[in-house]
Amino acid sequence: MPEINFPFSNKLITWYLQNKRELPWRQTKDPYRIWLSEIILQQTRVAQGLPYYETFVATYPNVYELAKAPEEDVLKLWQGLGYYSRARNLRFTANFVANELNGVFPNTYESLKKLKGVGDYTASAIASICYQEPAAVVDGNVYRVLSRVFGVATPINSTAGIKEFKLLAQTLLDEKQPGVFNQAIMEFGARYCVPQNPACEGCIFSENCMAFTSRTVSELPVKLKKLKVKKRYFNYIVLLSIDHKTRLNQRLGKGIWQNLYEFPLVETTNEVSEGDLKREPAYRNLSEEIKINSIVKYNDTPIVHKLSHQHLITTFWIVETETLHGTGIAISEIEKFPVPVLIANFLNMFTFQ
DNA sequence: AAACCGGGGTC
DNA sequence: GACCCAGGTTT
């Protein structure tokens, strides 16, 4: 534990009050809105999450409205934001609060943390902002600011690091205004003590910052290795029937994009030719069920869709078929389904006829 | 403890 | 290409 011999909290909060952004969730202490904003902002930049927050508040002004919504509607509004388990848990927890808790959110760190989708960070954020409970938040910004100012080189994604930084943040916390302190340290990390090339010369902590005085700013925080990205080969079968239908399947079970929709997928271990594709069992099952008239590759070079830990090397195949009867969906209905960005991008490029 | 879960911004 | 973002859950 580093020694603290300067007024960290006072300096930080003074900076915050002079430099904070006016954000919609800073205008309220309504736990529903604070909770909603915190879920949206998990692993998500303010600029990216802001329009989603506005849409959700407008569509679901309170927890009852959100609780009533079908999961598919929530996923549709969430489309493009990523980490879709957040949306599924959001709806689940809204339902729980509305039906089991009479619409009243838990008001302590411990009870908030029991909610699905609410972990240490989010429980601390809601408890401190809405209920003035002295619970320190530790997000990516906090790791960065504290590791630099106090020269802590413990890896932030190790068990020891998680404990050490939580304790340090809790020690520094201004217990008289925990919500302000928490937002201040995050704002400072997001806007001043940024990951790359921070303006250390003019920093309020330049005299006290261990990283700055020892010229190790670019080496902190320390983070343990990254895992290797896996390559997967996706072949999407875009059915076009003579009765102007296509088919979307819902992704069920484990894995990415759970409960979202996509075209029938043939996943292979390599990039495949048309001949290879036709020999794939998944494709053969499809062709046994549906009479196929023609097949043509849509994109000549594969589209590489990059996720944090997977590269999806994707080819779209346009397949004309006879009637799909009840097993297809009308082309005009397609925009109603929540789809991953990979599919949404294709739909924007491709014009159905 | 390690793996898994998205999409976008930045350098 | 590497790193990161107002993290959490599952294995």
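A note on names: the letters A, B, ... follow the listed sequences, proteins ahead of strands, and every chain is numbered from 1.
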Using the [atom1] atoms only, state how far [M] lies from [N], rounded to an integer number of Å.
N      : M       : atom1 : result
dG6(B) : dT11(C) : P     : 15 Å
dA3(B) : dA6(C)  : P     : 25 Å
dT9(C) : dG8(B)  : C1'   : 23 Å

Select from Lys230(A) and Leu307(A) the residue whose nearest nucleotide in DNA chain B is closer to the 5' end of that strand.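 That would be Lys230(A).
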Whole-Å gap separating [atom2] ([N]) and [atom1] ([X]):
X         : N      : atom1 : atom2 : value
Phe234(A) : dG6(B) : CZ    : P     : 11 Å
Leu312(A) : dC5(B) : CG    : P     : 10 Å
Ile40(A)  : dG7(B) : CD1   : P     : 16 Å
Leu260(A) : dG6(B) : CG    : P     : 8 Å
Gln310(A) : dG6(B) : CD    : C1'   : 10 Å
Leu224(A) : dC4(C) : CG    : P     : 12 Å
Lys306(A) : dA2(C) : NZ    : P     : 9 Å
Leu81(A)  : dC5(B) : CG    : C1'   : 13 Å

Are Arg279(A) and Asp276(A) ion-paired here, with the side-chain N under 4.0 Å from a carboxylate O?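 Yes, this pair counts.
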Inspect the contact between Lys11(A) and Glu207(A) and indicate whether a charged nitrogen and a carboxylate oxygen are less than 4.0 angstrom apart.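 Salt bridge: no.
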Looking only at side-chain N and O atoms, does Tyr84(A) come under 4.0 Å of OP1 or OP2 in dG7(B)?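 Result: yes.
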Please determine if a side-chain N or O atom of His309(A) lies less than 4.0 Å away from the OP1 or OP2 oxygen of dG6(B).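 Result: no.
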Heavy atoms from other residues, nucleotides or ligands near CZ of Arg215(A) exceed 12 (cutoff 6.0 Å):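 Result for CZ/Arg215(A): open.
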Only pairs under 3.5 Å count here: list side-chain donor-acceptor contacts from residues 45-61 of chain A, not counting sequence neighbours, and write none if there are none.
{"from": "Tyr52(A)", "atom 1": "OH", "to": "Gln79(A)", "atom 2": "O", "distance (Å)": "2.8"}
{"from": "Thr55(A)", "atom 1": "OG1", "to": "Pro51(A)", "atom 2": "O", "distance (Å)": "2.9"}
{"from": "Thr59(A)", "atom 1": "OG1", "to": "Thr55(A)", "atom 2": "O", "distance (Å)": "2.7"}

Using a strict heavy-atom distance below 4.0 Å, which residues from residues 160-180 of chain A are in contact with DNA chain B?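 Result for residues 160-180 of chain A: none.
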Taking the six-membered ring for Trp, are Tyr236(A) and Phe234(A) parallel (under 30°), tilted (30 to 60°) or perpendicular (over 60°)?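 Rings of Tyr236(A) and Phe234(A): perpendicular, over 60°.
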Please identify which of these residues, Ile162(A), Leu224(A), Val222(A), meets the side chain to side chain contact (heavy atoms under 4.5 Å, CB included) condition with Asn157(A).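 Of the listed options, the one satisfying the test is Leu224(A).
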Solution key, residues 252-261 of chain A side-chain donor-acceptor pairs under 3.5 Å, sequence neighbours excluded:
{"from": "Gln258(A)", "atom 1": "NE2", "to": "Gly253(A)", "atom 2": "O", "distance (Å)": "2.7"}
{"from": "Asn259(A)", "atom 1": "ND2", "to": "Glu71(A)", "atom 2": "OE2", "distance (Å)": "2.5"}
{"from": "Tyr261(A)", "atom 1": "OH", "to": "Glu72(A)", "atom 2": "OE1", "distance (Å)": "3.0"}

Anything under 3.5 Å between a donor and an acceptor, one on a side chain of residues 104-112 of chain A, the other on a protein residue two or more places apart or in another chain? List them.
{"from": "Thr108(A)", "atom 1": "OG1", "to": "Ser111(A)", "atom 2": "N", "distance (Å)": "3.1"}
{"from": "Thr108(A)", "atom 1": "OG1", "to": "Ser111(A)", "atom 2": "OG", "distance (Å)": "2.5"}
{"from": "Tyr109(A)", "atom 1": "OH", "to": "Asp120(A)", "atom 2": "OD2", "distance (Å)": "2.6"}
{"from": "Ser111(A)", "atom 1": "OG", "to": "Thr108(A)", "atom 2": "N", "distance (Å)": "3.3"}
{"from": "Ser111(A)", "atom 1": "OG", "to": "Thr108(A)", "atom 2": "O", "distance (Å)": "3.1"}

Regarding Gly255(A), tell me which of base, sugar-phosphate or nothing describes its non-hydrogen contacts under 4.0 Å with the strands shown.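 Gly255(A): backbone/sugar contact only, no base atoms under 4.0 Å.
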Which residue pairs pass the side-chain hydrogen bond (donor to acceptor under 3.5 Å, both in side chains) test when at least one of the two sits in residues 295-311 of chain A, sequence neighbours left out?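 Checked against side-chain hydrogen bond (donor to acceptor under 3.5 Å, both in side chains) - neighbours excluded - the pairs reaching residues 295-311 of chain A are Arg232(A)-Gln310(A).
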Contact pattern, 5' to 3', of nucleotides 5-11 of chain C - B, S or - by protein heavy atom under 4.0 Å: BBBSS-S
Phe350(A) ring center near Phe316(A) ring center (under 6.0 Å):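 Not under 6.0 Å, so no.
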